[in-house]
Peer 1: 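To start, I am sharing the structure in question, which I have written as structure tokens.
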Amino acid sequence: MSLELRNVSRTFDGKTAVQNISVSVKPGEIVGLLGTSGCGKSTLLRAISGLDNDYDGDIVINGDTTKGIHDTTGFIFQEPRLLPWLTVLDNVTFGLKGKKEEKEARARQYLESVGLSGNEHLYPRQLSGGMAQRVAIARALVTSPEILLLDEPFSALDAFTKMQLQDLLLDVWKTYQSTIVLVTHDIDEATYLCDRVIILRGQPGEIDREIIISDQRPRPRGSERLASYKAEILDSLDLNKR
Amino acid sequence: MAKNLEALTSGQLTGKAAAKTNKTKRNNGKLKRVVLGSILPVILIVVWELLSRMGVFPSYQLPAPSVIFGTIVDMAQKGTLWGHIGITTYRVFAGFVLGTVVAIVLGSFVGFYRKAEQIFDPMIQAFRSIPSLAWVPLFILWMGIGETSKITMIAVGVFFPVYLNIVSGILGVDRKLIEVGRMYRLNTFQLVSRIILPASLPSFLVGLRSGLGLGWMFVVAAELMGASQGLGFLLVFGQNMTQPEVILASIILFAIIGKLSDWVLKIIEERSLHWQDRMVKS
């Protein structure tokens, strides 16, 4: 539920990728990590997930500082990463334990919530990119993770599918109230989804500033409010100087 | 109500009819493939037969297909054919199983453990560069001329392609899929059985098929060096008795059985790899 990073740094072969990151995320909050490429956003997310344990500093998940993967964490990768030899249904039940019928009933429920009912028996090769990513979302959600980590989850999708899936993510968040950490390089996505946007800059990456977006959801896309946040973010990334 | 029922049954009927036409379509496609594939061999056999009858090929060097076929039928009627086929198939099968089992055990070790790779792989690679037939005299010296040396021979031939493909299959498993497994906190055993094995299956099956091919090659070598029964023995026998039809009959039988066994593996491959996203030729 609660997630806290204390002075987290990560060094690869003597080269520091991120440095002194301290963030505290409230339960149910959606936090965006935004930055240009190479500033260590994904490195940070992998450290939070426990896939990478060679970081310095502490990552506290529900008061627990043990390094490693926690049961309460779910991860949605940039690519769907479905197992090609399993059907859609079996991919979704992959991480579940227990009786087959129960697992499948649960998986069907989540497939329905991502709009994929009736496609249970397809294989990943038969899916479009958007469908595959929906399956990946269902797979991550079906274990009811309290903390959901997303690594540029929609960046490979076309603009319309992307918007659909962003709304889907918000629906899911509304129902399950997970804590979400979203790595993205898409400013519109960050302003549309997040309660708080943390901007990382530099190499090694450090926290440059935080922007709190307390607007009510659903936020109208393309509204002036979001545009002003976007301008603010662009300014702080020095990308608005022409 | 009656109308509904009628509509329902007619709907079912058209459904059935559609399924039927689908099936005939598929059968037609299969038939077409068989016909296309047999054009060349049929022409070749007819020309060969004609030329042989006209006396262009001397019959003591290249007998006509009908003579060869006659030899096979004759052996079948006498009953000796089944013994030859049976013993050769048994040798290949036994050698194939033995070589495959050893390859799976060593290959998985080398694939999974870096230490095992450092210990075993250099030696195995060195052994691989020895032409496997060079072992023949040694095996005969060690194990005599009986079944043991023959089966060992074949197992050595089968081992290398299977081993190499298992190792490269395991090493080639996508790290990204393994991360998915780790995210769900699978233990090592689950990681192996649920991700690494299925992911390396395609490569393993390729290894099995080329291993089987080599198995058939090595059974000939093994039977040439001394056997009293088997298709390879027929080759030597035909040579000693100057009966080219026996040699050719044996070669054709090798081709048929080899193809059949490969076909069985191919079916297994298609069944277990139907999930693969493969190129479809136009």
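Every chain is numbered from 1 and lettered A, B, ... according to where its sequence line falls, protein lines coming before strand lines.
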Peer 1: Who in residues 89-107 of chain B is close to chain A, using a strict under-4.5 Å heavy-atom cut-off?
Peer 2: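 The residues closer than 4.5 Å to chain A amount to none at all.
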Peer 1: Using non-hydrogen atoms only, which part of A:Phe94 is less than 4.5 Å away from chain B: side chain, backbone, both, or neither?
Peer 2: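 Backbone plus side chain of A:Phe94, per the 4.5 Å heavy-atom cut-off to chain B.
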Peer 1: Counting only heavy atoms closer than 4.5 Å, note whether A:Thr73 contacts chain B via side chain, backbone, both or neither.
Peer 2: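 For A:Thr73, heavy atoms of backbone and side chain both lie under 4.5 Å from chain B.
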Peer 1: Does B:Tyr113 OH have over 12 foreign heavy atoms under 6.0 Å away?
Peer 2: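 Atom OH in B:Tyr113 is not packed in, count stays at 12 or less.
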Peer 1: Quick one: ring pair (Phe, Tyr, Trp, His ring centres under 6.0 Å) partners of A:Tyr176, sequence neighbours excluded?
Peer 2: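 A:Tyr176 satisfies ring pair (Phe, Tyr, Trp, His ring centres under 6.0 Å) with A:Tyr110 once adjacent residues are dropped.
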Peer 1: Going by residue number, which parts of residues 192-201 of chain B are within reach of chain A, meaning a heavy-atom gap below 4.5 Å?
Peer 2: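 Heavy-atom contacts from residues 192-201 of chain B to chain A are B:Arg194, B:Ile195, B:Pro198, B:Ala199.
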Peer 1: So, taking the atom named OH in A:Tyr123 and the one named CH2 in B:Trp275, what distance separates them when rounded to the nearest 0.5 Å?
Peer 2: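 These two atoms lie 10.0 Å from each other.
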Peer 1: What part of B:Gln276 gets within 4.5 angstrom of chain A, counting heavy atoms only: side chain, backbone, both, or neither?
Peer 2: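 Contact with chain A: backbone only.
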Peer 1: Can you say whether A:Leu82 sits under 4.5 Å from chain B via the side chain, the backbone, both, or neither, judging by heavy atoms?
Peer 2: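 For A:Leu82, backbone heavy atoms alone lie under 4.5 Å from chain B.
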Peer 1: Do other residues, nucleotides or ligands put more than 12 heavy atoms under 6.0 Å from the CD atom of B:Gln190?
Peer 2: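 Above 12, so yes.
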Peer 1: For A:Gln126, which atoms come within 4.5 Å of any heavy atom of chain B: side chain, backbone, both, or neither?
Peer 2: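 Neither part, no heavy atoms under 4.5 Å.
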Peer 1: If you draw a 6.0 Å radius around NZ in A:Lys67, do more than 12 non-hydrogen atoms from other residues or ligands fall strictly inside?
Peer 2: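 Count over threshold, so yes.
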Peer 1: Tell me the residues of residues 155-185 of chain B whose non-hydrogen atoms fall below 4.5 Å from those of chain A, in number order.
Peer 2: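 Against chain A, the residues of residues 155-185 of chain B that fall inside the cut-off (heavy atoms, under 4.5 Å) are B:Arg175, B:Lys176, B:Leu177, B:Glu179, B:Val180, B:Gly181, B:Arg182, B:Met183, B:Tyr184, B:Arg185.
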